[in-house]
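Structure first, commentary second.
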Amino acid sequence: YEAKTEGTERYAFFDVELRDRVQRNMVLEQDLRHAVAQDQLWVAYQPVVDLRTEGTVAVEGLLRWNHPTDGTVPPDVFIPLAEETELINPIGAHMLRMATRQLAAERRRHDIDLRLNANLSPRQLGDPHLRSVVRHALAESGLPAGALCLEVTENAIMHDPERAARVLHELRELGVYLAIDDFGTGYASLSQLRRLPLDTLKIDRSFVTDLGDSHDLRVIVTSIVAMSHAIGLDVVAEGVETPQQLELLRDFGCDHVQGFYLGKPVPVAELFAGHRDR
Ligand code: C2E
Ligand code: CA
Ligand code: CA
Ligand code: CA
């Protein structure tokens, strides 16, 4: 928008940049069509830690794409592309199958009760096959429904609240848990969420990052935790990077924490590296 006052050269610059980005996305999108079949997608897992026991209670599965020439393409780039093109449905189904299979195997190998969190995109919520995709992933892997928590963003829900409510109730009937992701970045209010069959609320990283510097943020997070508990939701704080943030969140009564301070997303083989079996 600034460019308007800066003459035509800037326009030309932006045009080239835009054109390059569009072309690059078209190439990536073509490549993404083959990513599942060519087995280029894999799942990294990040621990979710219980603040009371300090044990890992769950892991969030986060998709990674090993592009044959570009190296690792981050999900912030390819998930939106997949979302625009409906590729998200086969990719999301593939993700669920991989992650449930790997988690079920880890649970057996270490004899632990570790839950899996998996992200659903807005378009997946609109997929009429979603319910059977989830059911099949569970049946095939042997992961109990109660060990799976599906995360949906506020925006995915607000896009079509009635449909979201219907779909969430259907998923809930399978016995899985449901979480609202990135809370605070969209327009959902807690009173709207109250009517949905949710179990967990994840406070977006943007609230946690500046917690130490902002009295206002501390007040906001304290009240999100209190209100969530009042309507029966567990609270996870995302993006915890420092021990100070961890202590504040503990004081606020937050239930679970997730972030680089507790553990970065890692391949399944590294999840228990350096840990003894419990
Ligand atoms: P998200 O669901 O909010 O996942 C959390 C993101 O925050 C992850 O980024 C994680 O690596 C990052 N993160 C965790 N702790 C910290 C921290 O302490 N500091 C910082 N700076 N970052 C932290 P990632 O893996 O790059 O994923 C980005 C987004 O891509 C996810 O955000 C999610 O929206 C989407 N995504 C990833 N995997 C999937 C998937 O399987 N399906 C769908 N639909 N979306 C996915
Ligand atoms: Ca998430
Ligand atoms: Ca999140
Ligand atoms: Ca996020």
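Both counts, for ligands and for their atoms, begin at 1 and track the order of listing. Small disclaimer: the values here were computed from a predicted structure and weren't measured.
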| Would you say ligand 1 has an N or O under 3.5 Å from any N or O of Y261? | no
| message | Could you work out, for atom 30 (O) of ligand 1, the closest of P75, A156, G92 by heavy-atom distance? | response | P75
| remark: Counting from 1 in the order shown, the ligand 1 atoms closer than 4.0 Å to a non-hydrogen atom of D76 are 28 (C), 29 (C), 30 (O)
| remark: Quick note, salt bridge (Lys or Arg N to Asp or Glu O under 4.0 Å) partners involving residues 45-55, not counting sequence neighbours, are D50-R52, E54-R250
| For the student: nearest non-hydrogen atoms of L96 and V133, plus distance | CD1-CG1, 4.1 Å
| remark: Taking only non-hydrogen atoms of E60 and a 4.0 Å limit, the atoms of ligand 1 in range are 2 (O), 4 (O)
| request: Check D181 against ligand 1 and report side chain, backbone, both or neither, counting heavy atoms closer than 4.0 Å. | output: side chain
| task | Check whether the side chains of T85 and E29 place a donor and an acceptor atom closer than 3.5 Å, and report yes or no. | result | no
| task | Dump the intermediate steps for side chain to side chain donor-acceptor pair (under 3.5 Å) on S214 and D216, then the final yes or no. | result | CA-CA 5 Å; S214 165; D216 289 354; 5.2 Å; no
| query | Would you find more than 12 non-hydrogen atoms of other residues, nucleotides or ligands less than 6.0 Å from R97 atom CZ? | reply | no
| Can D199 and R172 be counted as an ion pair, charged N to O under 4.0 angstrom? | yes
| For S121, atoms of ligand 1 separated by under 4.0 Å from a heavy atom | 44 (N)
| Donor-acceptor contact present, side-chain E154 to main-chain I180, <3.5 Å | no
| note | Within the 3.0 Å cut-off the protein N, O or S neighbours of the Ca ion (ligand 2) are E60 OE2, N119 OD1, E151 OE1, D181 OD2
| query | In ligand 1, which numbered atoms sit nearer than 4.0 Å to a non-hydrogen atom of R205? | reply | 7 (O), 12 (C), 13 (N), 19 (N), 20 (C), 21 (N), 22 (N), 23 (C)
| Do E60 and N119 get their side chains close enough for a donor-acceptor pair, meaning under 3.5 Å? | yes
| task | Mark the output for P265 as yes if a heavy-atom distance to ligand 1 is under 4.0 Å, and as no if none is. | result | yes
| task | List the atom of S141, the atom of A104, and the distance in Å for their closest heavy-atom pair. | result | O-CB, 3.4 Å
| query | Do I79 and ligand 1 have an N or O pair less than 3.5 Å apart? | reply | no
| For atom 15 (N) of ligand 1, which candidate among Q124, Q46, K264, E241 provides the closest heavy atom? | Q46
| field | For G259, the ligand 1 atoms whose distance to one of its heavy atoms is below 4.0 Å | value | 15 (N), 18 (O)
| task | Record the part of K202 in heavy-atom contact with ligand 1 below 4.0 Å; permitted values are side chain, backbone, both and neither. | result | neither
| task | For S223, enumerate each residue passing the side chain to side chain contact (heavy atoms under 4.5 Å, CB included) test, keeping only those at least two apart in sequence or located in another chain. | result | M227
| note | Note: Q258, heavy atoms under 4.0 Å from ligand 1, region reported as neither
| message | In this structure, does ligand 1 have an atom that sits under 4.0 Å from one of the heavy atoms of E238? | response | yes
| message | Tell me every residue that passes side chain to side chain contact (heavy atoms under 4.5 Å, CB included) with Q102, counting only those two or more places apart in sequence or in another chain. | response | V43, Y45, V268
| query | Does the salt bridge (charged side-chain N to carboxylate O under 4.0 Å, His left out) test come out yes or no for E86 and R123, once each step is laid out? | reply | CA-CA 7 Å; E86 301 241 16; R123 208 189 272 271; 3.1 Å; yes
| query | Considering only heavy atoms, does D182 approach ligand 1 within less than 4.0 Å through its side chain, its backbone, both, or neither? | reply | side chain
| request: May I ask you to check if ligand 1 and F260 share an N or O to N or O distance below 3.5 Å? | output: yes
| said: I'd like to know if R205 and E241 make a salt bridge, using a cut-off of under 4.0 Å between side-chain N and carboxylate O. | reply: no
| For ligand 1, which atoms have a heavy atom of M95 less than 4.0 angstrom away? | 41 (O)
| Side-chain donor-acceptor pair present, D31, H67, cut-off under 3.5 Å | yes
